[in-house]
Structure formats: C-alpha cells, structure tokens
Asker: 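First the structure, which I've put down as structure tokens, then a few questions once you've had a look.
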Amino acid sequence: MTARMDGSFIDYVDFIDVVQEALETAPRQLFEKMMRLILNKFHDQEIELQRLALEIDDMHSLPVDDLDEFYDTTLDAVDNLKLFKKKIDKIKNKDMLFDDLYAQADKLHSSLITYIDRMGQLEVRILQENQKSA
C-alpha cells in the first residue's frame, strides 16, 4: 500500500526502512521530521475516510462505477496496512514515534474497515429500495 504525499505516492515499507536507517544514522531532527510527515499523512487519510464514510450514510446511489473493483482495492489496502502494522509492531519499542505510527496505522485500518462496511450497507439499502419499488 502507498501513502499519498504531496501529489506522489510512496510505499509504506520502503518509507519505514528509510526511517529506521535515519533513526540509526541521521540526526534525530531528520528522523522526527520524517516520522511527523508520515504520521500527518496517515492522519489526513484517516480523516478523509471518515468523511467519506459519513457521506455514504446520506447517499441513495453508489458513488463508484465498479463495486467489485472498489472492494478489491479497499481490501488490498486493508491487507497491506495489516502487514505494515506487523512490521511496525516489531520495531515500535525502538522509539516512541514508531509506537505513535503503529497507533495511527491502527486508526487508519479501522477507518478503512468502517468505510468498506458503510459501502456495503449502502449497497444493501439500495437493493432494498429497488425491491420495494418493484
């Protein structure tokens, strides 16, 4: 899974490898800036997913053209985030910022699950409305 950062995407695992190296070899200030960057981006993604999930509650049509693709893409993101959390879990005792990253990744994971759940609820609601009108 990738994180969107200022218009481009970076792979979570590649980023965490670089951050780990920065912790061991670079000035502390650089490490902290890198960690704050990814923490902020994860937080932004979490907020956006929460917003989208809330918007779904008021919809009466599907906001995506291909539901199968939506589910596949979102489930891939969930799986990748779970793998990322496993990687962070192994190193979160190295620094408090890794622990913070684990917590933020967990929040993002929960937001993804909520988002996919709300889309499923919308799909069921639309099917029920179509059955009532038929």
Side-chain angles (χ1 to χ4, degrees):
M1 184 170 187
T2 59
R4 186 176 182 94
M5 294 198 178
D6 297 325
S8 59
F9 292 87
I10 61 164
D11 185 86
Y12 291 161
V13 177
D14 290 343
F15 186 84
I16 209 61
D17 289 341
V18 170
V19 170
Q20 259 187 286
E21 188 174 325
L23 174 63
E24 297 167 7
T25 62
R28 173 81 187 173
Q29 189 176 27
L30 177 61
F31 166 74
E32 289 176 2
K33 283 183 181 181
M34 293 171 75
M35 289 298 290
R36 293 283 172 225
L37 176 68
I38 197 164
L39 283 164
N40 289 338
K41 294 304 176 181
F42 273 28
H43 179 73
D44 291 348
Q45 289 177 350
E46 174 199 359
I47 298 300
E48 179 65 14
L49 285 168
Q50 289 174 355
R51 184 186 65 74
L52 290 170
L54 288 173
E55 286 178 356
I56 287 173
D57 289 344
D58 295 327
M59 292 181 180
H60 298 285
S61 63
L62 292 171
V64 294
D65 293 329
D66 187 345
L67 216 63
D68 289 335
E69 182 181 337
F70 166 80
Y71 286 126
D72 289 345
T73 302
T74 308
L75 289 172
D76 283 346
V78 168
D79 288 344
N80 288 334
L81 196 50
K82 286 186 338 190
L83 292 172
F84 179 73
K85 285 174 45 182
K86 278 186 178 181
K87 184 169 181 126
I88 295 297
D89 192 42
K90 293 176 185 175
I91 62 170
K92 69 181 183 180
N93 61 351
K94 287 185 177 184
D95 192 277
M96 184 60 132
L97 287 172
F98 286 130
D99 193 49
D100 291 349
L101 181 58
Y102 183 87
Q104 187 59 55
D106 194 49
K107 289 177 186 178
L108 180 57
H109 179 254
S110 294
S111 293
L112 276 168
I113 297 299
T114 300
Y115 181 53
I116 200 169
D117 180 58
R118 293 281 172 79
M119 187 66 77
Q121 290 174 19
L122 174 61
E123 183 180 8
V124 169
R125 195 168 63 239
I126 290 170
L127 287 172
Q128 289 173 340
E129 288 173 2
N130 289 342
Q131 285 179 347
K132 286 179 185 177
S133 65

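Note: hydrogens, waters and symmetry copies are ignored here, and every other heavy atom, side chains too, is used. Remember, it's a predicted structure, so these values are computed and weren't measured experimentally.
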Asker: Listed by chain and number, what are the salt bridge (Lys or Arg N to Asp or Glu O under 4.0 Å) partners of Lys87, not counting sequence neighbours?
Answerer: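 With neighbours one apart ignored, the set is Asp17.
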Asker: Name the atoms and distances for all side-chain donor-acceptor pairs under 3.5 Å in residues 105-112, with sequence neighbours left out.
Answerer:
from	atom 1	to	atom 2	distance (Å)
Asp106	OD1	Lys85	NZ	2.6
Ser110	OG	Asp106	O	3.2
Ser111	OG	Lys107	O	3.1

Asker: Listed by chain and number, what are the salt bridge (Lys or Arg N to Asp or Glu O under 4.0 Å) partners of Glu129, not counting sequence neighbours?
Answerer: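 Here no residue qualifies.
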Asker: Please identify each residue that fulfils salt bridge (Lys or Arg N to Asp or Glu O under 4.0 Å) with Glu55, with sequence neighbours left out.
Answerer: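 Counting only residues at least two positions away or on another chain, Glu55 forms a salt bridge (Lys or Arg N to Asp or Glu O under 4.0 Å) with Arg51.
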Asker: Taking the six-membered ring of Tyr102 as reference, does the cationic atom of Lys92 (NZ for Lys, CZ for Arg) lie under 6.0 Å from its centre and within 45° of its axis?
Answerer: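 The answer is yes; both the distance and angle limits are met.
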Asker: Any sub-3.5 Å donor-acceptor pair from Asp117's side-chain atoms to Ile113's backbone N or O?
Answerer: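 No; judged by distance alone, with no hydrogens or angles, the pair does not exist.
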Asker: State yes or no: do Val18 and Leu101 share one hydrophobic cluster built from I, L, V, M, F, W and Y residues joined by side-chain heavy-atom distances below 4.5 Å, directly or via other members?
Answerer: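 Yes, Val18 and Leu101 fall within the same hydrophobic cluster.
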Asker: Tell me, with the steps shown, if Phe15 and Phe84 meet ring-ring contact (aromatic ring centres under 6.0 Å, His included).
Answerer: CA-CA 11 Å; Phe15 186 84; Phe84 179 73; 8.7 Å; no
Asker: Identify the heavy atoms of Leu122 and Met59 that sit nearest to each other, and give their distance.
Answerer: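 What the structure gives for the nearest pair is CD1-O, 3.3 Å.
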Asker: Is it true that the side chains of Tyr71 and Glu123 contain a donor and an acceptor less than 3.5 Å apart?
Answerer: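 Yes, side-chain donor-acceptor contact under 3.5 Å.
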Asker: What closest approach, in Å, do Met35 and Leu97 show between heavy atoms, and which atom pair accounts for it?
Answerer: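 Nearest pair, atom of Met35 first, then Leu97: CE-O, 3.2 Å.
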Asker: Is there a continuous path of hydrophobic side-chain contacts, each under 4.5 Å between heavy atoms, that joins Leu83 to Phe42?
Answerer: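 Different clusters: Leu83 never reaches Phe42 through Ile, Leu, Val, Met, Phe, Trp or Tyr contacts under 4.5 Å.
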Asker: Residues in side chain to side chain donor-acceptor pair (under 3.5 Å) with Asp99, at least two apart?
Answerer: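 So Asp99 forms no side chain to side chain donor-acceptor pair (under 3.5 Å) with any residue.
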Asker: In terms of side-chain geometry, is the basic nitrogen of Lys86 or Asp89 positioned less than 4.0 Å from the acidic oxygen of its partner?
Answerer: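 No, Lys86 and Asp89 are not salt-bridged.
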Asker: Determine yes or no for a side-chain-to-main-chain donor-acceptor pair under 3.5 angstrom, with Arg118 supplying the side chain and Gln50 the backbone.
Answerer: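 Pair absent, no side-chain N/O of Arg118 close to backbone of Gln50.
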Asker: Any donor-acceptor pair under 3.5 Å linking the side chain of Ser133 with the backbone of Asn130?
Answerer: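 Such a contact is found between Ser133 side chain and Asn130 backbone.
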Asker: With sequence neighbours left out, write down each residue that passes salt bridge (Lys or Arg N to Asp or Glu O under 4.0 Å) with Glu24, or none if nothing qualifies.
Answerer: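 For Glu24, the residues satisfying salt bridge (Lys or Arg N to Asp or Glu O under 4.0 Å) (neighbours in sequence not counted) are Lys94.
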